Amino acid sequence: MEKDLKKALVLAGGGARGIAHVGALKALESIGFKPDIIVGCSMGAIIGGIYACGTPVHFMEDFLLNKFVLKKYTEKWTFQLAGGPIIKFIQVQEALNAMIHELGVDNGEKILALLKELTQDRCFDKTEIPFACNAVDILSGNEVMLNEGNLAEAIRASMSIPGVFTPVRMRGMLLVDGGVVNNEPLWIARKLGANRILTIQVSPFVEWKAEQVKNGLSVLLRAIDVTAKNLRRCRNDRGNLEVVAYDGTHTMDFDRKERLIRLGEEAVLNNRNAIEKAFLHGTGIKKIFFFKAHDSKD
């Protein structure tokens with residue numbers, strides 16, 4: 001085992017799929033894995049940032065299963081309504097109008113308020129575990145590391161899916177979702193001094209069938225995935241060990257929370273020996289996968 005071992009946990013983005021990170025954290029705690037650094041992208045930034053503040057995993061699980069309903073935290077009033085084709089038509093019209101006249105469908109203010117509550121409105125220097133996340137400045141085109149200032153505002157930037165949430169203005173930049181260019185910002189973990197990196201990947205790139213592309217949002221999200229895939233191939237950047245927790249759940253399907261938490265937990269526990277060897281005993285450095293068959297109905 002290296003001297004001054006510094007273990008980093010990198011949580012990848014993936015929208016609803018990132019809920020699996022809660023189960024992964026639960027399982028990692030059970031086997032005694034304690035990260036010295038946490039790095040997140042998008043949904044990974046949300047889960048990682050809240051956890052870095054010292055929030056117990058059981059609280060996060062309870063909140064997701066019993067209290068979190070996405071439509072409560074959207075600004076557009078029609079998206080809080082259930083209904084038939086007329087409501088759906090109004091929702092589409094409202095979204096299109098926002099895309100034309102604003103920088104995104106949702107301004108993210110309700111999400112930001114929730115993030116401030118869940119992170120206790122802390123700044124980066126007040127977290128229990130050092131944390132950082134990534135975002136992309138669409139003015140310069142650069143991926144940036146966020147690890148200073150208000151934690152919730154940085155997380156809000158990291159999760160700003162282009163066209164869906166308005167970009168975040170910060171220090172002269174206009175920031176969107178880090179997953180646009182890098183869903184696994186391992187370079188940030190290394191920059192912060194990590195010499196062992198465990199990645200939890202919830203959005204591996206897999207081929208789609210034509211019927212999975214159902215609407216404009218599907219096209220947008222898939223285009224982002226394709227771009228990130230090709231950029232990653234150019235970087236050829238890997239951590240010491242990667243666990244993949246994925247079952248084909250759609251990026252915006254927040255109705256499978258319990259299943260996704262269980263998926264993340266199983267992904268870690270099924271690879272417990274490899275994780276212990278690589279990070280707790282100092283042997284067996286390699287890359288591993290836990291890959292569930294694509295059985296999504298989407």
Side-chain angles (χ1 to χ4, degrees), residues 4-14 18 21-22 24-25 28 33-55 57 60 108 111-112 115-116 118-138 140-161 165 167-203 228 231-232 235 237-243 279:
D4 301 320
L5 178 66
K6 206 167 187 179
K7 305 185 294 293
L9 177 63
V10 176
L11 303 180
H21 289 315
V22 174
L25 289 169
L28 287 171
F33 178 92
K34 297 180 179 179
D36 300 300
I37 300 165
I38 299 176
V39 175
C41 172
S42 197
M43 190 63 171
I46 295 174
I47 301 298
I50 294 170
Y51 186 72
C53 289
T55 307
V57 176
M60 298 169 68
I111 291 286
L112 178 60
L115 290 172
K116 287 191 174 186
L118 293 175
T119 59
Q120 303 145 59
D121 205 17
R122 296 191 187 192
C123 289
F124 280 91
D125 59 355
K126 299 298 181 183
T127 58
E128 303 295 322
I129 302 171
F131 172 76
C133 58
N134 71 333
V136 175
D137 176 19
I138 59 172
S140 67
N142 296 328
E143 177 188 5
V144 296
M145 174 175 72
L146 302 177
N147 67 337
E148 296 179 345
N150 184 270
L151 186 61
E153 292 175 4
I155 295 172
R156 164 67 180 84
S158 184
M159 56 151 278
S160 296
I161 301 172
F165 293 105
V168 172
R169 298 182 187 277
M170 184 182 295
R171 299 193 291 274
M173 299 180 291
L174 197 59
L175 301 175
V176 299
D177 196 311
V180 168
V181 299
N182 190 356
N183 201 37
E184 295 176 302
L186 280 77
W187 69 273
I188 293 179
R190 293 194 179 95
K191 187 176 180 67
L192 295 179
N195 45 32
R196 291 282 176 91
I197 302 174
L198 170 62
T199 305
I200 307 296
Q201 174 60 269
V202 295
S203 291
L231 287 171
R232 181 177 180 180
R235 283 192 301 269
D237 192 17
R238 295 291 186 273
N240 298 103
L241 190 151
E242 181 179 76
V243 175
F279 293 90

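Keep in mind that what you see is a predicted model, and the values were worked out from it rather than measured.
- The shortest side-chain heavy-atom distance between Arg171 and Leu146 falls under the 4.5 Å cut-off.
- A distance of 5.5 Å separates CD in Gln120 from OG1 in Thr55, rounded to the nearest 0.5 Å.
- Contact check for Leu175 versus Pro167: no side-chain heavy atoms found under the 4.5 Å cut-off.
- Here CG of Asp137 is found 7.0 Å from CG of Leu174. Values are rounded to the nearest 0.5 Å.
- No side-chain heavy atom of Tyr51 sits under 4.5 Å from any side-chain heavy atom of Leu11.
- Going from atom CG of Leu9 over to atom CZ of Phe33 covers 5.5 Å, rounded to the nearest 0.5 Å.
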Fill in: From CA spacing to verdict: side-chain contact (heavy atoms from CB on, under 4.5 Å), Asp177, Cys41
CA-CA 8 Å; Asp177 196 311; Cys41 172; 4.2 Å; yes

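- Residues Leu28 and Leu198 are in side-chain contact: their nearest non-hydrogen atoms beyond the backbone lie under 4.5 Å apart.
- Atom CG of Asn195 sits about 9.5 Å away from atom NZ of Lys7, to the nearest 0.5 Å.
- Expressed to the nearest 0.5 Å, how far CG of Leu118 lies from CD1 of Ile46 amounts to 9.5 Å.
- At least one side-chain heavy atom of Ser203 sits under 4.5 Å from a side-chain heavy atom of Asn183.
- The aromatic rings of Phe124 and Phe131 sit parallel, their planes meeting at an angle under 30°, below the 60° perpendicular limit.
- Shortest non-hydrogen contact noted between Phe165 and Ile111 is CE2-CG1, 4.2 Å.
- Checked options Val168, Val144, Asn134; the residue passing with Ser158 is Asn134 (criterion: side-chain contact (heavy atoms from CB on, under 4.5 Å)).
- From Ile47, atom CD1 reaches atom CE of Met60 across 4.5 Å, with rounding to the nearest 0.5 Å.
- Between the side chain of Ser42 and the backbone N or O of Met159 there is no donor-acceptor pair closer than 3.5 Å.
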Show me the donor-acceptor pairs, under 3.5 Å and distance only, between side chains in residues 147-157 and residues at least two apart or in other chains.
unit_1, atom_1, unit_2, atom_2, d
Asn150, OD1, Ala152, N, 3.1
Asn150, OD1, Glu153, N, 3.0
Asn150, ND2, Asp121, OD1, 2.9
Arg156, NH1, Ser160, OG, 2.4
Arg156, NH1, Thr166, O, 3.1
Arg156, NH2, Asn107, O, 3.0
Arg156, NH2, Thr166, O, 2.8
Arg156, NH2, Thr166, OG1, 3.0

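- The closest donor-acceptor contact from the side chain of Lys6 to the backbone of Leu192 lies under 3.5 Å.
- Counting only distance, with no hydrogens or angles, the side chain of His21 and the backbone of Ala45 share no donor-acceptor pair below 3.5 Å.
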